[in-house]
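Note sheet for the following structure.
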Amino acid sequence: MEENRRLSKRLRRKRLGKRVSNVYAAIIYAFIYVPIAVMVIFSFNDQLNNYYWVGFTTKWYVKLFSGSELWGYLWNSLVVAVLATIISVIIGTLGAMGLMRFEFMLKKVINSSLYIPVIIPEIVMGISLLMLYQICNFPLGLPAVTLAHITFCAPFVVIIMRGRMSGMDLSVEEASMDLGANRLETFFRITVPMLVPGLLSSAFMAFTLSIDDVIITNFVAGPYSTTLPVKILSMVKMGLHPDVNALTTIMIAVLILGILVNNLVQAALRKRSMGTVKTYF
Amino acid sequence: MAESIVSLRHVNKYFGENHVLKDINLEIEEGEFLTLLGPSGCGKTTTLRLIAGFEDATDGIIEVQGDRVEDKEAYERDVNTVFQSYALFPHMTVYDNIGYGLKVKKVPKEEIKERVREMLELVQLMGFEGRKPDAMSGGQKQRVAIARALINNPKVLLLDEPLGALDLKLRKQMQIELKRLQQMLNITFVYVTHDQEEAMTMSDRIAVMKDGIIEQLASPREIYNKPATKFVADFIGESNIFSGTVIEINGEEATLETECGCCKMPAEGFAVGDKAHVCIRPETIGFSKEPVDGFTLKGQVKNMIFVGAVFRTLVTMENGYDVKINRVKYDGSYQEGDTLYFYWDVEDSTGIRDQEVTNG
């Protein structure tokens with residue numbers, strides 16, 4: 001009897017623990033998603049200010065699509081993010097390759113200095129880039145913003161790609177050359193395809209970092225090349241209107257769609273990694 | 001004598017300060033199965049990588065089919081490699097892996113198809129062409145790696161411990177299969193392994209390496225029966241080695257005086273006063289309760305172990321050296337603690353010059 005009661009006590013304790021951990025998880029998710037939900041809901045609010053609910057409307061979306069100035073800023077953001085992503089992924093991947101495969105002086109210094117742009121306060125980086133541009137007489141504007149974004153994205157790419165490459169078997173490249181492929185062919189037929197997962201995740205990382213950067217961009221954008229987040233921040237001072245909510249709601253929708261597509265693609269790739277059903281003979 | 005298909009002449013290789021290959025001279029004959037055998041770090045894999053073109057010799061000449069190849073890149077050399085880790089392309093199917101060598105040579109698709117099919121049949125993997133390497137077992141991957149390396153019809157196939165990752169049973173099976181392939185295709189195989197049994201099973205000749213030097217290059221039989229150095233005697237199979245000084249030569253037989261007594265060995269090549277080792281295999285060493293003429297070595301039976309195919313007895317000599325005796329079965333004539341005297345047929349033993357002395 002005694003034994004049984006003790007056991008059930010233990011079970012009860014376990015059950016309670018499970019309940020507590022569920023609540024804990026729910027709270028965490030709430031912290032993340034409730035603000036986003038509020039923002040989405042208020043994009044349908046029939047009121048100019050974002051303070052209390054008045055009634056349902058889609059007029060902010062209508063306003064947005066009938067020629068809002070916000071699209072221009074979004075366009076700036078996208079141009080910068082795409083360029084910064086492509087260039088920083090190329091630079092970062094080649095950099096990681098060099099760091100992984102060659103021995104040279106200062107390698108240790110370079111390896112550890114990679115983390116400086118990662119940990120340095122953005123405000124410091126913004127000021128230093130602004131000073132640099134002024135010293136070099138480089139005009140502020142979208143090219144300056146793009147360069148700045150490449151600067152802080154590239155180290156992340158190097159760090160991600162370095163991790164990926166450390167698990168890569170270099171004898172695969174030797175096998176390719178052994179079979180008659182020169183270095184260039186080997187790079188494009190073997191190395192790049194093997195690095196695709198790493199390239200994708202570092203590209204996502206770079207794109208995300210670039211598209212929501214405010215502080216550094218604020219310093220180097222100049223008056224006519226503001227990006228969307230910088231613009232939104234400046235609008236806060238005047239009072240945010242729900243058309244911003246509408247735009248960000250659309251962006252979130254696109255993002256969710258992107259994640260879904262990504263998951264589908266990944267699942268398909270996993271399936272394919274086991275082989276194809278294609279007939280060869 | 002057959003034509004040399006690969007020659008290494010006075011090849012040296014340094015990794016930084018580390019002298020890993022010391023003046024290697026090696027002539028590999030066309031169509032032979034040559035094994036580079038040695039413990040890890042002996043330079044066997046480096047030798048293979050020099051032939052393949054993945055490493056550059058610090059100096060020396062390497063010829064493949066009579067052409068110097070030191071300045072040729074790996075992709076310009078007429079040799080192919082089977083890697084220890086298989087090194088299959090993970091993003092390609094078996095078909096694309098095997099066909100890769102032809103694809104980069106811009107061979108027409110129809111011909112690639114034909115050749116890949118032949119290769120799949122050769123390594124008995126028909127039906128696997130659509131698989132990716134991740135979905136295959138170690139043995140299957142190994143077959144793909146072999147097929148991939150053979151599709152270019154190389155004159156020489158280099159194999160770097162290709163069976164190292166397989167379990168014992170599969171390894172034995174693949175050994176026989178590799179030997180069959182080599183004989184059927186009549187290709188020169190240069191095989192690297194640290195497994196002496198594997199080397200004995202497959203090779204026409206074995207180059208035993210140690211510390212960047214080829215200690216002996218000979219047929220498996222000769223290496224086993226007439227080891228040229230103490231290291232070879234120890235590394236290939238099991239040996240009992242007694243060291244001492246030659247004190248008497250009587251026709252074909254020499255008498256060696258060791259710290260624990262005297263024994264006999266072949267006299268050929270030795271003079272009185274030479275330092276020498278005599279090597280006698282555990283299965284041919286004789287023992288008795290009484291000293292045999294010319295032999296005074298003795299020891300106490302320490303251990304009797306049944307190891308499956310053989311019955312092993314360890315006999316400890318006065319200086320602590322354990323003499324190994326292997327027999328098919330225990331004859332019951334001795335017990336633990338008994339004193340046994342050793343003797344052998346001089347023909348069964350091998351005299352080895354003491355290198356530490358001759359080399360200074």
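Just so it is clear, the values below take in all heavy atoms, side chains as well, and ignore hydrogens, waters and symmetry mates. The chains referred to below are lettered A, B, ... by the order of the sequence lines, with proteins before strands, and numbering in each begins at 1.
Counting only residues at least two apart or in different chains, side chain to side chain donor-acceptor pair (under 3.5 Å) contacts with residues 76-99 of chain A are absent.
When heavy atoms are compared at a cutoff of 4.5 Å, A:N182 approaches chain B by way of both its backbone and its side chain. For B:K109, no part lies near chain A; criterion is any non-hydrogen pair under 4.5 Å. B:M92 touches chain A through its side chain: at least one heavy atom from C-beta onward sits under 4.5 Å away, while N, CA, C and O do not. For B:L88, the part lying near chain A is the backbone, with the side chain staying farther off; criterion is any non-hydrogen pair under 4.5 Å. Contact annotation for B:K105: only side-chain heavy atoms (C-beta onward) come within less than 4.5 Å of a heavy atom of chain A. With a 4.5 angstrom heavy-atom cutoff, B:N152 touches chain A only via side-chain atoms. Within the 4.5 angstrom heavy-atom criterion, only side-chain atoms of B:L120, from C-beta onward, approach chain A.
Taking the six-membered ring where tryptophan is involved, the planes of B:F189 and B:F33 are tilted, since the angle between them lies from 30° to 60°. Between A:H149 and A:F152, the ring planes lie tilted relative to each other; the angle falls in the 30° to 60° range.
For B:K179 (side chain) and B:M202 (main-chain N/O), a donor-acceptor pair under 3.5 Å exists by modelled atom type.
Contact tally against chain B (heavy-atom pairs below 4.5 Å) for A:M194, A:R189, A:E173: the top residue is A:R189. When B:A87, B:A149, B:G101 are compared by the number of non-hydrogen pairs under 4.5 Å with chain A, B:A87 comes out ahead. Among the candidates A:V196, A:D169, A:I190, the residue making the largest number of heavy-atom pairs closer than 4.5 Å to chain B is A:I190.
Cation-pi check for B:R148 over B:Y86 is not met; the charged atom does not lie both under 6.0 angstrom from the ring centroid and within 45 degrees of its normal.
B:F83 has its ring centre less than 6.0 Å from the ring centre of B:F54.
B:I51 and B:I28 get closest at one heavy-atom pair: CD1-CD1, 4.3 Å.
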